[in-house]
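Only one structure is covered here, and it is reproduced in the block below.
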Amino acid sequence: MIKIIIAPRRSQFIKHNWITVISLIIPALRVFRMFNALRILRTLRVINSTKIIRAITSGKRFFGALDKAQGPQPNAEMDVGFLIAVKNLKEKKEMIAYANQLAEDVKPELEESTGIKWNFVISETFKLDNDRSRNPSFFLDRASMSMAEGNYDLVCVLTDIGLMSRRNVQVSALSSSIARIVALSTRQTTSTGKNRERLDLNSTFVRYNSASLFLHQIGHILGLNHSPATEPGIMSSTKFDRSLSKVPSFSSKEKKVLKKKAKKAPDRELRNGNDLETFIFHILMTFRHLGKFFWPLIRNKALLLPLSLPGLATAAVAPAIILIFNAEIWDVGLGMTNGTAAFFAIISIMLASFYLVRVQSLFLPKREKRIITEHLAVANTVIYFSIFLACIGLFLMVGALMMVIELYVFPEDLMRTWPTLSKPEILLEDKIRIAVFISTVGVTTGALAGGLESRTIIQHLALFRKNE
């Protein structure tokens, strides 16, 4: 790695030493080192065939175990489950008919555009407590549970209440390409204006615009981006079209991309895995979808998440303010080394984030299931690292506050006259170490005592696309 850093022409260096680079990136592939060893052994004119065979068979076993850990190769078809959420059970039959019609309308277009088979099933119907608008994250747990129980590649929530984006704006539909969940509201499509009678779900306008809206969200999930409004195709617009008289189609350009993406569209799954197998499955699936993993972490600004969770911030700041005015904490902080303080901070933040995720049951689905799908694994990894970054943000916030108190509130003479402190002079390095130590304790107590609302946290994690 040092050679790569100091090389004057890194591209040339990597080109001539690519085997070494791969060995650095994936240490488990030690079989590649055999080629470097061959050059040395050729010079020495000594070849130990037993070690070479062992290296090859070891690599073969590794790749076999790796392939097994990723789960079996799924069939080339998409299974979609409809989750129907209604404010009144009297509208249940109407919503079921709407879902069946929607599936019938979009199936031919999806099969033609992707080149694979699409199956639609109504997985569950349930009643909501009230008719207030909700964020799609409200349905996330139930949808992920339905996905695990029904073994679906994708779940679509159909509801007759309003949907709210992260910016508290009414939207007609939102999708999560990470969790493979679509939320679609009929309130927007059936609306004709203020104080006007709503359209029927079986009307032509509602039918074809719902199909267009659903196909648009499926396009996002399968990796399509928005097209300019001047170009034809489903991804070019999200506005309702009153002149629409048939199910719209993807453009030829969009179909070409969809056929390519569809090969990896069906989800792999892990069945009855133990804790270690589940952990490895999460890692492997995350590496398969690195783009989907990083974008939510960038969008949700997880480092600033503590500012939206006053319970967590208060539980961390309150004890930290008490500790900084305690002579014993200064004694401990001045007595420890920088390495000890850093190690304590890293371990505490990792454990605090894991504790928050487990106690708040943020992993999807919340209840333990024998099946975990590929994209639910990616979503879980995003959730954990978002909370991990939030704990880092909390650590930085509390640490900055402690530094301000140490630098501008504490009189310098007061620090020197405490009887428990034997140091004649307190340096800036000492103050930083004490701030780090107190901030670490604050993060730990914040995780243990902070009252959090799991739905509030999930809402801030940007698992769903922003409103368009």
Side-chain angles (χ1 to χ4, degrees), residues 132-144 161-171 174-179 181 183 292-321 345 348-364 366 378-404 435 438-468:
R132 64 179 177 83
S133 297
R134 288 169 171 81
N135 187 277
S137 59
F138 174 85
F139 304 103
L140 196 56
D141 179 49
R142 198 149 192 166
S144 62
I161 63 168
L163 284 179
M164 301 291 290
S165 69
R166 289 177 64 211
R167 299 177 181 177
N168 292 324
V169 177
Q170 285 275 358
V171 292
L174 284 171
S175 60
S176 171
S177 59
I178 306 163
I181 293 170
K292 292 182 179 179
F293 166 72
F294 281 113
W295 274 115
L297 295 179
I298 296 171
R299 291 201 309 265
N300 63 24
K301 301 176 183 177
L303 287 173
L304 302 178
L305 186 59
L307 299 177
S308 304
L309 302 170
L312 177 64
T314 302
V317 172
I321 292 178
S348 297
I349 291 173
M350 290 179 65
L351 292 178
S353 56
F354 184 76
Y355 176 82
L356 283 173
V357 170
R358 294 296 297 179
V359 168
Q360 296 298 322
S361 300
L362 298 180
F363 283 144
L364 302 174
K366 288 187 176 181
V378 179
N380 286 337
T381 310
V382 170
I383 290 170
Y384 172 75
F385 276 93
S386 295
I387 299 301
F388 177 68
L389 290 175
C391 287
I392 293 177
L394 182 63
F395 170 80
L396 295 174
M397 183 179 72
V398 177
L401 179 60
M402 296 303 102
M403 282 300 300
V404 170
I438 296 175
S439 180
T440 303
V441 175
V443 170
T444 304
T445 56
L448 293 173
L452 303 179
E453 172 58 45
S454 59
R455 283 178 182 167
T456 303
I457 297 174
I458 292 294
Q459 184 175 340
H460 284 83
L461 296 188
L463 296 180
F464 286 84
R465 292 178 60 87
K466 63 182 180 180
N467 59 299
E468 299 155 354

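Sequence positions, counted from 1, serve as the residue numbers for this chain. Keep in mind the model is a prediction, meaning the values are calculated, not measured.
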Mind checking the OG-OH spacing from S348 to Y355? Nearest 0.5 Å is all I need. 14.0 Å
To the closest 0.5 Å, what do you measure between OG1 (T444) and CZ (F395)? 10.0 Å
Taking ring-ring contact (aromatic ring centres under 6.0 Å, His included) as the definition, give me every residue that meets it alongside F293, ordered by chain and number, with sequence neighbours left out. F385
Are S137 and L463 side-chain neighbours, meaning at least one heavy-atom pair lies under 4.5 Å? no
Gap separating the OG atom of S361 from the CZ atom of F363, nearest 0.5 angstrom: 10.0 Å
Measure the shortest side-chain to side-chain distance between I387 and F354 over non-hydrogen atoms and say whether it is less than 4.5 angstrom. no
I'd like to check the salt bridge (charged side-chain N to carboxylate O under 4.0 Å, His left out) partners of R142; sequence neighbours left out, ordered by chain and number. E124
What I'd like to find out is whether the side chain of L140 reaches to under 4.5 Å of the side chain of S144, using heavy atoms alone. no
Taking every non-hydrogen atom, the tightest pair across V398 and A320: CG1-CB, 3.7 Å
Measuring from L305:CG to C391:SG, what's the distance to the nearest 0.5 Å? 9.0 Å
Between A315 and T445, what is the shortest heavy-atom contact and its length? O-OG1, 3.4 Å
Partner set under side-chain hydrogen bond (donor to acceptor under 3.5 Å, both in side chains) for T314, not counting sequence neighbours: none
Provide the closest heavy-atom pair for A313 versus L394 in the form atom of the first, atom of the second, distance. CA-CD1, 4.0 Å
Got M397 and L307 here, is their nearest side-chain heavy-atom distance under 4.5 Å? yes
Roughly how far, to the nearest 0.5 Å, is OG of S439 from CD1 of I349? 7.0 Å
V441 side chain reached by P319 side chain, heavy atoms, under 4.5 Å: no
Looking at every heavy atom in both S386 and N300, which two are closest together, and how far apart are they? OG-ND2, 3.0 Å
With S175, which residues qualify under side-chain hydrogen bond (donor to acceptor under 3.5 Å, both in side chains), at least two apart? Q217
Enter the distance from I383:CD1 to L297:CG here, rounded to the nearest 0.5 Å. 11.0 Å
How close do N380 and L364 get, heavy atom to heavy atom, and via which atoms? OD1-N, 2.6 Å
Could you walk me through whether K301 and L389 satisfy the side-chain contact (heavy atoms from CB on, under 4.5 Å) test, starting with their C-alpha distance in whole Å, then the side-chain angles of each, then the deciding distance to 0.1 Å, before giving a yes or no? CA-CA 9 Å; K301 301 176 183 177; L389 290 175; over 6 Å; no
Validation row: L303, I392 side chains within 4.5 angstrom (heavy atoms): yes
Shortest non-hydrogen contact from G399 toward A435: O-CB, 4.0 Å
Could you tell me whether the side chain of L163 reaches within less than 4.5 Å of the side chain of R134, counting heavy atoms only? no
Say whether, by atom type as modelled, one donor and one acceptor occur between the side chain of N135 and the main chain of M164 under 3.5 angstrom. yes
Sorted by chain and residue number, the side-chain hydrogen bond (donor to acceptor under 3.5 Å, both in side chains) partners of S176 (sequence neighbours excluded) come out as none
Not counting sequence neighbours, which residues clear side-chain hydrogen bond (donor to acceptor under 3.5 Å, both in side chains) with S353? List them please. Y384
Is there a side-chain contact between V382 and K292 (heavy atoms, below 4.5 Å)? no
